[in-house]
Amino acid sequence: MNFFKTRQRTPTDLARGLRDNILKLESAPPGEPRKKVRAPASEEVSKYLQQIKGMLYGDGEPVPELFAQLAQETYSTDLLHLLVVHIARFDFEARKDVVQIFNNLLRRQIGARWPTVEYISGKREVLFAALDGYENEDIALNTGMILREMLRHEPLCKILLYSEQFYKYPHFIETTTFGISTDAYTSLKETLTRHKPMVAEYLDKNYDRFFNSFTTLIMSTNYVTKRQSLKLLGEILLDRANFNVMTRYIANDANLKMMMNLLRDRSKNIQFEAFHVFKVFVANPKKPPQIEAILRRNKDKLLVFLKDFHNDKDGESLPLAIVRTLINPFPDNPIDEQFTDEKQFLIVQIQSL
Amino acid sequence: FIGAVKDEYQLFSDRAEDYTLGPPIGFGSSSIVYYATYHPKFSRHAHIPCALKVLDLDRLPQGSLRLLQSETQLMSLSKHPNVLRVRGSWLDGHKLHIALRLMNAGSAADVMQYAWPGGMEEEVVRCILRQALEGLNYLHINGFIHRDIKAANLLIDDDGTVLLGDLGVAAPLTDEDHTHVHTHVNDTSKASRAVIFDPDVGSPPRLPKVGKRRSFVGTPCWMAPELISGIHYDSSADIWSFGITALELAQGRAPRSRESSRTVLSQIVEAAPPTLDRQGGVHKYSRAFKETVERCLVKDPSLRPTAAQLLQTPFFKNTKKPSYLVGTILRDLPPLAQRLERRKQPTLVLHGTIDSWDFPTTLFFPSPTQSVFHRSRRTSLDGR
């Protein structure tokens with residue numbers, strides 16, 4: 001399949017050849033005609049990437065020794081960093097090869113060790129360069145996939161979470177087009193939900209800064225950002241790992257007011273997501289006085305509101321419900337029943353205030 | 001790169017003011033496709049016709065929002081003459097606008113329904129399938145599965161080009177299984193949505209399985225048996241759907257499309273794979289065609305050919321050029337907007353309203369020719 005295979009290159013040849021050509025791409029003087037330096041270098045980069053991908057994935061079975069040697073060479077030549085930093089200069093298809101090479105290397109495991117994860121832990125700029133890919137819409141989807149592959153690994157996720165750069169997420173989510181914004185949001189969600197105990201500890205320690213930043217997403221004027229971050233907030237608070245964080249969150253009356261306002265949002269979906277956060281405030285058996293005061297003051301209004309709230313809502317789209325019925329006509333606890341149960345529970349709680 | 005082609009598809013802009021909306025040319029349950037023109041402000045190029053898909057995101061459940069994201073992601077990462085590509089997108093309130101190439105003839109299913117209800121002749125079918133296969137091969141090489149291959153998702157342009165469209169349920173093999181995560185939340189909704197005031201309650205976290213998928217996605221009649229059984233599947237599931245699509249184009253409809261969805265699903269798993277009737281239809285078909293279909297419709301996914309292997313077979317190598325379709329099926333075809341007039345249907349009401357009637361029979365027995373996405377069932381074997 002490989003038309004360029006004149007002779008079998010060694011892993012060392014490949015890694016160094018690729019590095020040298022990337023550097024050529026970078027250093028091409030601005031006056032130099034593009035065709036003379038950049039185009040051939042870029043073509044070379046594409047060829048090298050294909051060969052490396054071929055060696056990693058193998059045309060049938062990858063050869064373990066070659067694989068190990070190649071991985072080692074990518075570390076010693078700083079190749080991973082160069083790849084992410086210069087990916088925008090590569091051809092369209094070559095960028096996808098970079099993603100597949102990263103995915104493969106990151107999943108490499110020797111016993112209990114993850115060599116590429118260890119390597120990047122010591123060379124954090126690779127991780128941060130992947131995050132900064134969101135600055136450039138030509139490559140943001142490629143670097144986003146690389147970033148998420150890194151976030152699967154707790155040590156790398158922790159580095160990002162504890163860094164100053166973590167707070168760039170809202171910027172990336174708020175200032176980009178739909179496709180990139182939702183991709184950045186997916187990465188944020190991955191950072192916050194995959195390694196739960198680690199994240200719980202972070203949120204506990206950095207509670208104020210985190211929620212100040214996260215609230216800007218909930219209050220975003222962008223419909224998608226608002227809806228997604230509200231749902232994520234619900235997921236974070238309702239996760240048992242975040243029990244302490246939830247307790248703090250639902251003790252704050254400003255948070256309650258925000259959710260009560262969102263219950264009245266124009267969008268039904270936003271109302272519904274807000275409900276799943278609001279219910280935690282009400283269900284709390286040890287409500288702080290300021291929370292109880294707000295609920296009691298609005299008791300009558302809340303009762304009227306909840307009685308009419310989403311009476312037609314089954315928590316999911318009709319098509320999904322149809323499929324569910326098709327597969328399992330007699331579910332143990334259909335989701336609409338659960339919502340109705342919860343709503344009833346809230347009504348009883350509020351009545352007893 | 002093996003699947004790469006020269007980029008002939010220029011990107012449009014992401015600014016609403018550069019587009020003018022025309023009449024609607026397609027209706028979905030939560031989207032409308034409009035005819036539109038693109039006219040960049042600072043360009044002398046006059047008006048470029050395009051299609052503008054407008055989705056009301058507030059009518060989409062969270063899960064399909066995620067599918068939509070993977071759709072735009074895949075379309076943005078694809079440059080291939082047989083794969084539909086996003087050329088621009090912007091958000092206006094909760095309406096998402098996506099600019100696409102205008103596919104004037106509509107889908108292969110549209111064309112067939114209009115003029116060839118009994119199926120199309122072999123040379124035409126082959127020409128359509130070959131192009132679809134090129135696009136599919138490109139997706140597979142890049143590590144994506146389409147998951148909803150059928151004639152309704154093969155779009156045809158005036159010049160006879162066929163593009164894979166509706167990548168709404170396609171998924172990257174390397175990225176996370178979004179639907180998996182989503183339905184996990186649903187399946188265990190009692191636990192994950194429930195308010196827990198005891199921090200020790202809960203189930204141990206599950207490890208996601210990487211590389212292969214289990215989501216229940218696609219359209220019943222076209223679904224591969226392993227997908228229905230909830231076994232991990234990969235790109236070979238697309239090859240099964242491709243085989244069914246071949247039968248669909250030859251016979252005017254997919255096998256078992258008149259059964260109920262439930263029957264269809266169980267028959268795909270239990271009964272023998274459908275085959276091509278070479279003599280009994282409107283047209284006669286070659287032995288090679290029948291054999292190609294049979295190779296795709298093998299129940300064991302590991303025995304199916306890959307898209308690349310199929311492209312190498314004599315059956316697909318000696319195919320007529322795309323322009324062949326112009327003189328055969330596209331001739332005398334009225335414009336898409338006119339054809340749609342005839343069968344314009346009201347969109348499905350997603351949020352019931354007080355003054356709408358409740359007809360549960362039509363809602364709870366959906367057609368086996370409509371796309372669905374859902375995980376079939378979850379077993380404790382999922383984690384490792």
Side-chain angles (χ1 to χ4, degrees), chain A residues 1 46 50 91-94 96-97 99-100 103 107 141-142 145 148-149 152 177-179 182-183 186 190 196 222-224 227-228 231 234-235 238-241 243-244 267-270 276 279-280 283-285 312-313 315-320 322-328 333 335 338 342, chain B residues 1-4 7 14 29 57-58 60-65 69 72-73 76-77 79 86 89-91 93-94 96 142-143 172 174-176 178 185-186 189-190 192-202 205 210 216 261-262 265 348 350-353 363-364 366 370 372-374 376-377:
Chain A
M1 284 302 279
S46 301
Q50 269 177 53
D91 290 339
F92 185 82
E93 300 295 336
K96 287 185 277 188
D97 287 340
V99 175
Q100 293 202 34
N103 285 354
R107 285 174 194 203
L141 295 177
N142 298 298
M145 287 170 98
R148 276 194 297 287
E149 190 64 36
R152 300 167 59 85
T177 54
F178 173 78
T182 49
D183 193 276
T186 305
E190 184 79 356
K196 293 195 164 129
N222 180 313
Y223 167 81
V224 178
R227 176 170 161 190
Q228 287 184 314
K231 173 156 167 73
E235 282 173 32
L238 291 178
D239 197 289
R240 75 207 142 83
F243 184 76
N244 289 338
S267 153
K268 289 213 152 203
N269 284 293
I270 287 175
H276 286 292
K279 73 185 183 190
V280 195
N284 185 359
D312 55 341
K313 184 79 186 180
E316 56 189 330
S317 75
L318 209 45
L320 249 175
I322 292 167
V323 177
R324 187 187 302 282
T325 313
L326 194 71
I327 293 157
N328 181 9
N333 40 17
I335 197 157
Q338 188 200 333
E342 287 184 353
Chain B
F1 187 81
I2 303 163
D7 179 26
D14 295 328
S29 62
L57 299 182
D58 206 31
L60 290 180
Q62 194 77 26
S64 27
L65 200 60
Q69 179 199 343
T72 49
Q73 180 191 40
S76 307
L77 288 172
K79 264 187 201 175
V86 173
S89 72
W90 67 92
L91 199 57
H94 48 78
L96 177 68
N142 283 293
T174 48
D175 216 355
E176 277 302 298
H178 297 306
V185 169
N186 271 338
S189 51
K190 206 84 188 183
S192 60
R193 280 279 195 185
V195 186
I196 301 166
F197 277 95
D198 175 1
D200 298 324
V201 174
V210 178
F216 188 72
S261 290
R262 199 189 299 256
L265 293 177
L348 187 66
L350 284 173
H351 301 299
T353 53
L363 296 179
F364 283 88
Q370 260 177 12
V372 294
F373 60 93
H374 191 61
S376 53
R377 51 191 74 90

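Note that the structure is predicted; figures quoted are calculated from it, not measured. So that the names make sense, note that chain A is the first sequence line, chain B the second, and so on, each numbered from 1.
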**Request:** Drop me the distance from A/Tyr223's OH to B/Leu91's CG, to the nearest 0.5 angstrom.
**Result:** 9.5 Å
**Prompt:** Rounded to the nearest 0.5 Å, how far does NE2 of B/His94 lie from NZ of A/Lys268?
**Reply:**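 A/Lys268 atom NZ to B/His94 atom NE2 measures 12.5 Å (nearest 0.5 Å).
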**Prompt:** What closest approach, in Å, do B/Leu57 and A/Asn269 show between heavy atoms, and which atom pair accounts for it?
**Reply:**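 Nearest heavy atoms, B/Leu57 then A/Asn269: O-ND2, 4.4 Å.
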**Prompt:** Heavy-atom distance under 4.5 Å to chain B: side chain of A/Thr182, backbone, both or neither?
**Reply:**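 Both the backbone and the side chain of A/Thr182 come within 4.5 Å of chain B.
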**Prompt:** Relative to chain B, which segment of A/Asn222 carries a heavy atom at a distance below 4.5 Å: side chain, backbone, both, or neither?
**Reply:** side chain
**Item:** Heavy-atom side-chain contact between B/Gln73 and A/Met145 under 4.5 Å
**Value:**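 B/Gln73 reaches A/Met145 side chain to side chain.
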**Request:** Check whether B/Leu77 gets within reach of chain A through its side chain, its backbone, both or neither, counting any heavy atom under 4.5 Å.
**Result:** both
